[in-house]
Amino acid sequence: MAAPPEIHTPEEPAPLARQGSIRGILSYPPSKQELQDFQDLPLHELPRPFKRKDEDRVFCNRSLSMTEIQHIGFDMDYTLAMYKDPQIYEMVYDFAVRRLVAQGYPEALLEIKYSGHLGMRGLFFDRKNGNLVKVDAFGHIIRAMHGTLLLDNEAIDEYYPSKFIPPSDMPNYFLLDTLFHIPETCLLATVVDLLDKDIRSTPLPSRTGVQVSQHVLSYAAMQADVRASIEYIHHEGLFKRAVAADLDMYVQRDPRLPLLLHRIRASGRKTFLATNSDFSYTNTIMTYLFDLPVESAEKSWRDFFDVVVVSACKPAFFEDGTMLREVDVASGRLILGQFTGQTALGRVLAGGSSKIVNSLLSSTGNDVLYVGDSIFGDVLKSKKLRGWSTLLVIPELRDELDAFHSSAPTVVHLKNLEFILSETYKSLDSQATVAPDTRELCKHIEQTLVRIEAHHKSMMGGLFRCKNRETFFSMQLRRYADLYSGMATNLVNYPLFYEFRAFDPGLPHEETGSHSMTSMQHPLRAQSPMPQPP
């Protein structure tokens, strides 16, 4: 009979048959002895780390250990409740158009439907010139559109000679950075285009709007009217009534949602909901989301949360907030007076502040992960003012990933062209007096960048990058979101003790040398001093 296999505890690691390496005998996780003895592989031989499918992943900007997170909070709209695209945007757009026509805008507006090619977030509307502009992380204008016309470089130079928006000019610009702004972006482009082309209107000499007979309508006024029409939809309850009347049309259900929340609470962590929606709408949406054939000890959607806060009034919620009140769940009405209880379990609260939530959870804030869809309303404020860890939900991520993968051959071509440009200057220094003629090469690079942008469905290009430059939206994402994902429920794909590790590409000076994480021999090199992987 063969001898039984030896059993080795973590304190007594198994002896190595030979010195281990990444490809050799190595336990996962390795023991202390294995870590001391294993041999490093050269960077070019390291296998690609395991990654989940792109659509299932949670991406990491800042390393985060889930073992340090004891409280996980969620927004509702566009976070737990994912609205269907384009149905939700078409509904908001149509309501807003009807409101504008009722306010005196041309009835021809009713004939123009929502277009996904015009709708996107992360743009600024120039109130003076009527342009939608996309800027990079430093405030430089990358792309611009007037009405539905994409402006070429010459037109952009004419509007913005410096191609830069100084901070002092920011009051003239309106930022459209939430998912609720997507139909508004399309409507702004449509309204400007329609009124510019209206045969009854003439452009103002200052190019800041149009004149119809004896009436002047500036682009700033158009933007104010469009904004008011969107606010009207929400303030008058048109949006909520339309969604509640046809939940299957507008709301996407995910069977992973109750499973995720059940697992979080089963791990001993606490969960909370903080939404700006009122209780009536929240109850309608959450009941629909949790009405699934999933085995669970929780009987009501409220049982999945230790604290439920509606009408939170974010972003003020992350500052001083408002008076905290309790909701009578039977009637949906607010109970008179301020809630001063020490526990919120089984209750629904309205208003309050993140500081109060910390107190109800017995949290100092550094053990909280908050999941939301708005950079400013959910992520920026909770990070800057409360020190919470953050996860930004970006539904557009799937389209961005599709564009990224489909443009891969063109990106390879771009890298080759950039290599050629670099080689052109490599032997030149400040003694050189004759500049090489790179006009054709630079023109080809610009054309290649345009081809890459064409893979995105929006006329204004990608959400994260445009012409190979990081956008303002992307900069804010990097700065304030520790994690980001296409769906909040993607957290279910990770153990609750997971170590999210951020890949730091380093500063440009750190990319030099053979030890650089990003260094790689270019395929156009005639010879390579580094051995190629098998």
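Keep in mind it's a predicted model, so treat the numbers as computed, not measured. All residue numbers in this chain count up from 1 along the given sequence.
Between Phe74 and Phe304, the ring center distance fails the sub-6.0 Å criterion. The six-membered or imidazole ring of His181 lies near that of Phe174, with a centre-to-centre distance under 6.0 Å. Taking the six-membered ring for Trp, Phe59 and Tyr484 have ring centres closer than 6.0 Å.
Rounding to the nearest 0.5 Å gives a distance of 10.5 Å between OG1 of Thr282 and CG of Leu289. One distance of note links CG of Asp373 with CZ of Arg121; it measures 6.5 Å at 0.5 Å rounding. A distance of 10.5 Å separates CG of Asp367 from CD1 of Ile72, quoted to the nearest 0.5 Å. Residue Asp399 holds its CG atom at 10.5 Å from CG of Leu463, rounded to the nearest 0.5 Å. Rounded to the nearest 0.5 angstrom, Thr178 OG1 and Leu176 CG are separated by 8.0 Å. The OH atom of Tyr28 sits 13.5 Å away from the CZ atom of Phe50 when rounded to the nearest 0.5 Å.
Screening residues 62-77 for salt bridge (charged side-chain N to carboxylate O under 4.0 Å, His left out) gives Arg62-Asp482, Asp75-Lys314 as the qualifying pairs, with residues at least two apart or on separate chains. Applying the ring pair (Phe, Tyr, Trp, His ring centres under 6.0 Å) test to residues at least two apart or on different chains, the pairs with a partner in residues 385-405 are Phe272-Trp388, Phe318-Trp388, Tyr370-Trp388. Sorted by first and then second residue, the salt bridge (charged side-chain N to carboxylate O under 4.0 Å, His left out) pairs with a member in residues 136-145 read Asp136-Arg469; sequence neighbours excluded.
Across all non-hydrogen atoms, the minimal contact from Ile375 to Leu477 is CD1-N, 4.1 Å. Taking all atoms of both residues into account, the shortest heavy-atom contact from Ala488 to Leu260 is O-CD2, 3.8 Å. Between Ser406 and His455, the shortest heavy-atom distance links the atoms OG-ND1, 2.9 Å. Summarising the geometry of Arg256 relative to Asn490, their closest heavy-atom pair is NH1-OD1, 3.2 Å, with the distance given to 0.1 Å. Pairing each heavy atom of Ser389 with each of Lys383, the nearest pair is CA-NZ, 3.9 Å. Contact detail for Ser267 and Ile264: the closest heavy-atom pair is OG-O, 2.5 Å.
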Discussion item. Walk me through whether Val309 and Ile356 qualify under side-chain contact (heavy atoms from CB on, under 4.5 Å).
Written reply: CA-CA 11 Å; Val309 180; Ile356 295 174; over 6 Å; no
Item to complete: Take Met82 and Val393 through the side-chain contact (heavy atoms from CB on, under 4.5 Å) test and state the conclusion after the steps.
Response: CA-CA 10 Å; Met82 299 297 289; Val393 175; 4.2 Å; yes
Discussion item. Using side-chain contact (heavy atoms from CB on, under 4.5 Å), reason through Asp248 and Tyr288 one step at a time and then give a plain yes or no.
Written reply: CA-CA 9 Å; Asp248 288 336; Tyr288 176 76; 2.4 Å; yes
Discussion item. What verdict does the side-chain contact (heavy atoms from CB on, under 4.5 Å) test give for Met120 and Lys134, after you've listed the backbone C-alpha separation in whole Å, the side-chain angles of each residue and the deciding distance to 0.1 Å?
Written reply: CA-CA 11 Å; Met120 76 172 298; Lys134 177 183 282 188; 3.9 Å; yes
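Between the side chain of Ser422 and the main chain of Glu418, no donor-acceptor pair closer than 3.5 Å is present. Side chain of Arg269 to main chain of Leu496: a donor-acceptor pair is present (N/O by atom type, distance under 3.5 Å, no hydrogens or angles). Between the side chain of Gln70 and the backbone N or O of Lys270 there is no donor-acceptor pair closer than 3.5 Å. A donor-acceptor pair under 3.5 Å is formed between the side chain of Thr471 and the backbone N or O of Ser474. Formation of a donor-acceptor pair under 3.5 Å by the His117 side chain with backbone atoms of Lys457 is found in this model. In this structure, the side chain of Tyr93 does not engage the main chain of Cys186 through any donor-acceptor pair within 3.5 Å. Remark: the backbone N or O of Lys355 is not paired with any side-chain donor or acceptor of Ser359 at under 3.5 angstrom. The backbone N or O of Pro29 sits nowhere less than 3.5 Å from a side-chain atom of Ser27 that would complete a donor-acceptor pair. For the pair Ser31 (side chain) and Glu34 (backbone), a donor-acceptor distance under 3.5 Å is present. Thr185 contributes no side-chain N or O that, together with a main-chain N or O of Gly119, makes up a donor-acceptor pair within less than 3.5 Å.
Looking only at side-chain heavy atoms (C-beta outward), Met66 and Leu64 come within less than 4.5 Å of each other. For the pair Met91/Tyr250, a side-chain contact is recorded, criterion being any heavy-atom separation below 4.5 Å from C-beta on. A heavy-atom distance below 4.5 Å is found between the side chains of Met145 and Leu118. Looking only at side-chain heavy atoms (C-beta outward), Leu397 and Phe464 come within less than 4.5 Å of each other. Between Glu319 and Phe317, every side-chain heavy-atom pair lies at or beyond the 4.5 Å cut-off. Contact check for Ile88 versus Val243: side-chain heavy atoms found under the 4.5 Å cut-off. Counting heavy atoms from C-beta on, the side chains of Glu470 and Arg465 come closer than 4.5 Å. In this structure, the side chains of Leu247 and Ile285 come closer than 4.5 Å at one or more pairs of heavy atoms.
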Report all side-chain donor-acceptor pairs from residues 444-451 shorter than 3.5 Å, counting only partners two or more places apart or in another chain.
residue	atom	partner	partner atom	Å
His444	NE2	His413	NE2	3.1
Glu446	OE2	Lys467	NZ	3.0
Thr448	OG1	His444	O	2.8

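More than 12 heavy atoms of other residues, nucleotides or ligands lie within 6.0 Å of NZ in Lys163, so this atom counts as buried by the packing criterion. By the 6.0 Å contact criterion, CZ on Arg253 is enclosed, its count of non-hydrogen atoms from other residues, nucleotides or ligands being greater than 12. Residue Arg52 places its CZ atom among more than 12 non-hydrogen atoms of other residues, nucleotides or ligands, all under 6.0 Å distant. The environment of CZ in Phe138 is sparse: at most 12 heavy-atom neighbours from other residues, nucleotides or ligands sit within 6.0 Å.
With hydrogens and angles left out, the side-chain atoms of Gln476 and Asp177 include no donor and acceptor closer than 3.5 Å. No side-chain donor from either of Arg479 and Asn61 sits under 3.5 Å from a side-chain acceptor of the other.
Using bins of under 30°, 30° to 60° and over 60° for the plane-to-plane angle, the ring pair Phe290/Phe305 lands in the perpendicular bin. Using a 30° and 60° split on the angle between ring planes, Tyr89 and Tyr114 fall in the tilted class, from 30° to 60°.
Shown here are the salt bridge (charged side-chain N to carboxylate O under 4.0 Å, His left out) partners of Arg48, two or more places apart in sequence or in another chain: there are none. With sequence neighbours excluded, the residues that form a side-chain contact (heavy atoms from CB on, under 4.5 Å) with Ala502 are Cys60, Ser63.
The only option from His44, Gln39, Glu45 that meets the side-chain contact (heavy atoms from CB on, under 4.5 Å) definition with Leu41 turns out to be Glu45.
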